[in-house]
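If you're wondering where the values come from, they're calculated on a predicted model, not measured in any experiment. Chain A is the first sequence line, chain B the second, and so forth, proteins listed ahead of strands; every chain is numbered from 1.
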Amino acid sequence: MPIPDTAQPVHAFKPKPYNGVSFWKAAWKSITRKKSRIIGFAIIILFTLMAIFGPYLYSSHLPINTNAIYAPISWKYPLGTDFEGTSNLALIITGARYVLLAAALGALFTVIFGTVMGLIAGYFVGWSDSIIMRITDFFLTIPSFPLLVVLSTVWNFGHPLAMGFILGITSWGGMARAVRSQTLSLRERGFVEAARGLGLSPFYILFREILPNVSSYIGMNLLTSITGCIYAEVGLFFLGVVPFHVNNWGVMLNMAVFSAGAMSSPDALPYLLSPLLALLLLTLGIVLFLDAVDEMFNPRLKEDV
Amino acid sequence: GSQSNNSNAKFTTVYYYHPISPGAPKNPYNTTGNSFTSFDKMQLAWSSGLATDLNKFYPGLAKSWSESPDGMKATIELQPKAKWSNGKSVTADDVKTSMAIAFTQGTAQSFSLGSVKVLSNKKIELSQVSGGTYKSFMHDALQQTVVPSFQYGKLLPDDIWSVIDQSLYAGKDKTKAAQAKKAQDQLTKLGKSITKFAPKTDISAGPFILKRLNPGEAYLVKNKYFYAANKVKVNSVSLRNYTGNQQIWNYLIAGQLDATPFTSMPKNILNNALNKKTNEKVTTPTYVAASLAFNQKFDPYGNVNVRKALAYVIDREAVQKVAEPVVGKPAKYTDGITDSAAADWIDSSVRSKMNGYNHDLDKAASILEKEGFKKKDGKWLLPNGKPWTMNIYVVNGFSDWIQGGKVISSQLTDFGIDAKPTIVSSFAQYQADMAAQKYAVGFWLNSLSPNLYTAYARIYGTPDGYNILNGKLTYYDQKDKTKGNWIGLPEKLKLSTGETVNPGELTFKLNQLKPDQQKDAVQKLALATNEYVPMIEIWDYTHVQFVNTSRFNNFPVKDEGLMNNMPGVWMAMGYVAPKASK
Amino acid sequence: MIEIKNLQKFFQIKAKFSNHKTVHAVRNVNLTISSGGALCLIGESGCGKTTIGRMLCGMERPSSGSIIIDGQDISRLKRGARAKLLQKIQLIHQDPYQALNPTHTIEQMMKATLKKVAKQKKKDVDWIRQRMDELLKLVGLDPETILFKYPHMLSGGQRQRVIIARALTVEPEMLIADEVVSMIDVSLRLGILKLLRYLRERHNISILFITHDIASARYLGNDTELYVVYKGMVIERGRTERVIRRPQHPYTQALLSAMPILKGIEKPGKDRFVITSQFKQSEEETRGCLFADRCPFKQSICDEKQPELIHNDDAYHACFFPKVRQVAAESI
Amino acid sequence: MSDTSTVNTESTFKEQQKMAISARNINVVYATPTGDIPAVRNVDIDLPRGSITGIIGESGSGKSTLIMAIMNAVTKPGKITSGSVLLNGENDMLQLSSEKQRKIRGKEIGFVFQAAQNSLNPLRRIGQQILDLGRAHEVHDLRALIKYAKELLIRLGLDADRVLASFQHELSGGMRQRVGIMFSLVLNANIVFLDESTTALDMLSQASVLEIIRELQKEKNLTIAFVSHDIGVIADLSERIEIFYAGEIVEEGKTSEVLASPKHPYTKGLIKAIPKISGDIDAAEPLKGSSPDYRTFKQEGCLFYDRCPIRTDSCRDSRPELNITSGYHKVACFRVDAND
Amino acid sequence: MRSFLIRLVWRIFSGILMVLAVASLTFFLIRLMPGDPVSAQYNQLIMQGMTPVQAENQVKVMYGFIPDEPVGEQFINYIWGLLHFDFGQSISYEGIGVSHIILTAAPWTLILVFTGLIASFLIGVLAGVISAIKRSSPSGTVLTVSGSLLHGVPQFVMGLLLAYLFTALWPILPFGAPYDSSIDPGFNWPFISSLMSHAVLPVVTYALSSYGGWLLTMKSSVITVLGDDFILASEIRGLKSSTIVGYIAHNAILPLFTLFTLSIGFMFGGSVFIENIFDYPGLGNLLLKSIDTRDYPLMSGAFLLITIAVIVANIITDFLYTFVDPRIRR
Ligand SMILES: Nc1ncnc2c1ncn2[C@@H]1O[C@H](COP(=O)(O)OP(=O)(O)OP(=O)(O)O)[C@@H](O)[C@H]1O
Ligand SMILES: Nc1ncnc2c1ncn2[C@@H]1O[C@H](COP(=O)(O)OP(=O)(O)OP(=O)(O)O)[C@@H](O)[C@H]1O
Ligand SMILES: [Mg+2]
Ligand SMILES: [Mg+2]
């Protein structure tokens, strides 16, 4: 009896190289598919560059000009000046590094804690699941911002790493819960069972079989967590409950409101609005870009054209 | 006809002594108690707070007062018409009870009160403890709060005065000393229960009485039993809770405040406030200065020449212009007291010996070089070759400090010292950390009062290790980290006049001298401060207040001493009248 | 050779705040599959077929009874050894749309297990490539065109073939095919059935075929043993053709009657009957025959006693009143 | 060829009187990112009154789309681009006002869903949903409606009271499917569409559902269109059969006739490929090639060209029409006779 | 019904456990605090113009003792106190029990949070339905864009903008107190209108900052439900469109309940900003003030009460959910 070859494909595909399309190429494709995504991507890149190179654009301390205190918007000061005549634009640019680094770290910690916890809880159902879920519930229920405020009195999170860590600690709950429920449903999916049947290690199953399937969710969450972390962090600085150095967007907000009287006097308004503008622009970029992430991680959308 | 119309006018201001909280008892001894100085919380008299005339008082419940020539006794006569808001008369007994309570609060001890003698229903005599040397005895006594004996008396045991007597024993007898200790403990315990006491009704002998309050404001109405009720032309007062300068600016600019207490503010806010024609600015002197202080434990600030060099580097005028443009004046001299006070105290001969530390970068550089510092690539290196970096600590919410710290950092950085301000989240934290010697450089308020002892104690008191324990001066070395000595000057300072002084002792002595005897000590202290620069004075504050004339007029703007007091005092003195509205 | 002895399975259905329910999913099942043999479990939904399969491949632990693979009782083995032994039995999933990871290409999938095997066998990368090609060709797929594809680019039949190819990477001795064709288009079913038969005949891989479509069972070869399962119990067994033509148990007959008739090609068996009452997972154990509540030929003893599986006429059945009925359709 | 087509139109005109549904020239297009998919093309279909018509085709061949189009209920991104659907020879479903359409749906045409498991509102009890249905169609005696529903449920072998008081999630798949049938009949619809109503069921359930459908059909003289990809089910149930391939009908006729002597190579292959309980197993052959996908729909010539064992070059360029071979038996193939 | 009660009891029990866990967390956090609360208080008094001796005496009066019993004992006493709703004594509010202070602040926060939550929920859900149904028309797009924009704006930014607009630029709304103190509190119009006008800004901030979330979630939920088979089935059965919209709304709103629970936490978290910006005397403001003054007992009390509010609200939502979703009910 010959090998039955009934499934001979009719529309012969041209043999392609084995490695297929690279992730980055496909990602780029999905980014450029829409104008809004390109704008979002550009904004994110802009801010990333700002965070990396911003501080090198200016001398290590920004020049002050006591004759241009709260100067209005002009060519020299595109976003006006602060209480000592330093350009707000320069402050925003040099301040981006801390804000973005801490937020990125925070999002990273959130995603890492959340994913690992969620994967473990969802895959190894049983006592580890119960324990992890109790902890997760605990962190989900405690209102995280007040917790951050309280923690700020114990712990000096002046360094972006510490700030990121604490932001991650307080916000991984939602992520863990979502990843767990996805893992729970994925582990019922045939391919996980099949992988187990084939004797693949739990490590392989968790991180190579299941993880890629939640990757688009993780990618989206990474981005939304970044905004969440930026808000929380800037919020902490704005309230002034953490010790801070100047040149930080949240500190600018704090100073604009509580020392410059931006709320009571239009002179200092640019000082208030520049960090707000930066925040909103970054958020906009992330929101626009988010659209592309789902597509980037979805193999279904990779090849079909 | 318009009288009744105006009587509805509500006088609005901000009460900044303590937060207004509905839960707090209506008890003046409670630090957050809902009892409001000058409105329903009365003293015997109100100090003018003027350095030039420390003993100038405005009458409160006391109509007149006199002091024995040796300063050991004060005789006080109460307002004959003074009554509590339930119609009962204010008597000498009330004062005696209040003084007994003052012992339980620790305040009576602080001005060496020894005994109280009721001379008549409205007359009372206060005496210092035997052997007491406190020179501001009457000054402090007059500022004691007076509460009704019928309300508070029952909180005290009948033998309260014998307990007080026992507690005051300072001799060598061991049994008596033990007894005194026990009595002191009993007083402390009593004090605790008194601060917790929550009277059912607010009984006031002041011009107003508390009607209602919510977490944001207190509402008081006129007390018809007030002894000078006819002088009080305001019918109701709304006291808003103080939450921050920004809030006051907002109210001020919106024209909602009839009197605005002192707030620090940037120039744009001032301009905006004055845009409102009915806002009137009132400036009076204050005795507070902002300084940059050093902890000499940290390298290189233990070196006096380094501190001097830094004083040359800082351009105080530029700092003040940014940080405190409205209510500040650049400090001329680093001498421990404000320049306005110094004018009265420092002779020109001494003054001429003082260094103005005028902005002079070359001089600073040459001093540093002499001390072994080197400049490399525009940056100063410490004598040990390490880079020189500096964190200037300031406090969140103290916007002038933050901005000052920022400007000073810029100046220092320009000069070649990497400096940056670090903002501590709360003042409580700041003070705790400061005392725990965590900061090398930070801002400090000095010269807090017209009283020179209090002024110099800001430097040569606890911060430098000098404490008064049981009336005796005790010194703690900086090595004992728990005692709060964060300045760390040597105990003995050799002055350029050749004299060697102990600033802690000199300061302590101020406490026991009459003002006219203080001058010599003050000049030595000022010179020592100038030569050893424990802190660099940056700016002096001026007391800028606002009154709003759209609803009320006849504010005591000419009377500096009165302006230093709360509006309740103004009203009791017949100031502030509703405007005839159309 | 694989043997199952007295296999039982109880499921505790956890209800959070009330009493737990117990489902007796598999009752005293015995079966033997020789290497290269084929065995087919049929029965309606919920009767425990899948559970038997899952217990066999170690996904589920039996409540009692033993599973003996190549003479070794797997419950007596240590974890590692058991896992190794169980790899000889591979489960092919019912749903080809779920059994493949949508984020992996076929190549990635095949490589994941082949790498492991290569490591054990100390083979190199070339061997992996070679083996991959070999296996894909074996299941009738063209490696060149299929390797770089993601599952969503394949048809149901192709997927099922990929799944089989992947199961073959670990060189199993037995495949458990749990309703492998029910999700595939009718026109493609036969291809998969023939593939299974081919594997069995040419590669000596035994097949446990689970289905509720008796017709499919025929295509695995005429030496296939057919086991009819009802409520976890085997109620009739015998050679496929034998059971179809001469069913003795009313339940088997009901199943055969339920096969649709291809008008114009087939005519219905003369004794055909349809039972309309629904299958219920009984909550209490009955003393009597499990099928009694739905049996059209029930008699009073059927409620009293449980019939045993007895040998009769070169087949086994569990019925007090066995009677051969002509229910299967016949060609015209 | 021309004369047959004239005969065709004439006879159809007459037949329309007897037709419960008579659809002409239906075209449905799905707009997708990869382009428009003509899921149903130029389909004419008639459902004679009181008959059971089976529609068979592979997954994705457009069966569901067709019957949705007949009800004018194609969902986005689909669009009916042309056609007419006469109901009992009169109202054109595709032209009626939406309110009239609504009244016809449910009341005159019953529909049992492909995914009948999910065709019930998960948040309302079955009984409530029957009442909703009654109110929507202005049934005045709701009590009687419920009574009738119970009757039907009992006929369908269910515990009626329990079912009416249940939520969807409390019912098993088979029960839901039966409830779906009840819904299609409870307003006394004469025309019932069943879309793969038994696909998810196992053998016994399927057999019993089919049995019930057959009984009810006889009893109420229903017109039924039954869609399935399982030729066995259709062969068993229907009188007439329509073979669907990639959006077009390739063969139609009486079931026994078509099965006994299939004309189209696809039909032939299909019949050969079904696992059968009788006959020689080695004679069975799998159908070659893979199911039609979106590329197939766009093909120029015969849609079955790729998989056809008897294709010629002309098959690639032009598409055969559905022509009568004998009686009601119609085939769309150029080479009808080639294989006989 | 019985299982319902058992579930209720279980939820409440686990809620209490959660509160105790949070309480222990705050207890030990506070023990980790840098700087001694007592000495912080002492320095504060000096700042207020007292002499060191006076300040020392005061501090002694306020604390009575310096807590130096073993931590274990302190912890047991603390938890024991909590069980009696005794949160200890405030430091900055002399002689007042923390429970008293937080209980006077709590109603204001609750009023703001719940009015804001309910307002944003109702409006957001309504707008979500409209934007889903009209998603290809301009009005739907406008709604969606408004939702995405507002969703992106952090609460404090929203608060600052509103505060600037309505207390500075056009000073038409009051802030700084929950109502005008010269008005007699009670059920009378001047009082109620004063109450409302003072609450407008914070409530609007809450509402606007969560409106976008509701809108977007509701929109996607409605779109999901629109694609559900049973909606198509209902159409084919000829149900009235009003009935179908009802079906859609009911089904679409269920997934929002999980969001609701999360949102409660978020809203209470926002009280820290919003009450600070508008000087509203609620728990969030209290928390900040207690941190400023390093009033640790008050701080942990305020934090604990916020957590308790969130937990209680979660339990309530959970039970409401069992009422609207029959799938959960047994
Ligand atoms: N994990 C489980 N927990 C509880 N009960 C289970 C579990 N798995 C199966 N069951 C029950 O065991 C019985 C047998 O189930 P099984 O899946 O083996 O049936 P099946 O014959 O394969 O049915 P189908 O044809 O639907 O696949 C069923 O009543 C089922 O409800
Ligand atoms: N919403 C849709 N969007 C795009 N294409 C669709 C959509 N629905 C159906 N199609 C396409 O239309 C064609 C016919 O689909 P239809 O659902 O009618 O097939 P079917 O014969 O009912 O298949 P099945 O047996 O799987 O139910 C298919 O090719 C399918 O890809
Ligand atoms: Mg199964
Ligand atoms: Mg379909």
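- Both the backbone and the side chain of A:Ala268 come within contact range of chain B, with heavy atoms under 4.5 Å apart.
- Using a 4.5 Å cut-off between heavy atoms, A:Tyr70 contacts chain B through its side chain alone, with no backbone atom that close.
- Residue B:Ser426 does not touch chain A at all, counting heavy-atom pairs closer than 4.5 Å.
- Taking CD of B:Gln429 as the start and OG of A:Ser152 as the end, the distance is 9.5 Å to the nearest 0.5 Å.
- Around NZ of B:Lys267, the count of heavy atoms belonging to other residues, nucleotides or ligands within 6.0 Å does not exceed 12.
- Atoms CE and CD, on A:Met263 and B:Gln246 in that order, are 6.0 Å from each other to the nearest 0.5 Å.
- With hydrogens and angles disregarded, no donor-acceptor distance shorter than 3.5 Å links the side chain of B:Asn268 to the backbone of A:Gly261.
- Side-chain contact between A:Met255 and B:Ile402 is present, with heavy atoms from C-beta onward closer than 4.5 Å.
- Around the NZ atom of B:Lys379, the shell of radius 6.0 Å holds more than 12 heavy atoms that belong to other residues, nucleotides or ligands.
- Heavy atoms of other residues, nucleotides or ligands lying less than 6.0 angstrom from NZ of A:Lys76 number 12 at most.
- In terms of heavy-atom pairs under 4.5 Å with chain A, the best-connected choice from B:Thr413, B:Val407, B:Val424 is B:Thr413.
- Interatomic distance, B:Lys406 NZ to A:Phe83 CZ, rounded to the nearest 0.5 Å: 5.5 Å.
- Among residues two or more places apart in sequence or in another chain, the ring pair (Phe, Tyr, Trp, His ring centres under 6.0 Å) test is passed with A:Phe289 by A:Phe41.
- Note: B:Ser410 leads B:Pro266, B:Ser410, B:Ser409 in heavy-atom pairs under 4.5 Å with chain A.
- By a heavy-atom distance cut of under 4.5 Å, B:Ile269, B:Asn272 are the residues of residues 269-279 of chain B near chain A, going up by number.
- Proximity to chain A among residues 312-323 of chain B is limited to B:Ala318, B:Lys321, B:Val322, judged by heavy-atom separations below 4.5 angstrom.
- Within residues 247-262 of chain B, the residues having any heavy atom less than 4.5 Å from a heavy atom of chain A are, in residue-number order, B:Trp249, B:Asn250, B:Ile253.
- From A:Leu239, atom CG reaches atom CG of B:Asn396 across 9.0 Å, with rounding to the nearest 0.5 Å.
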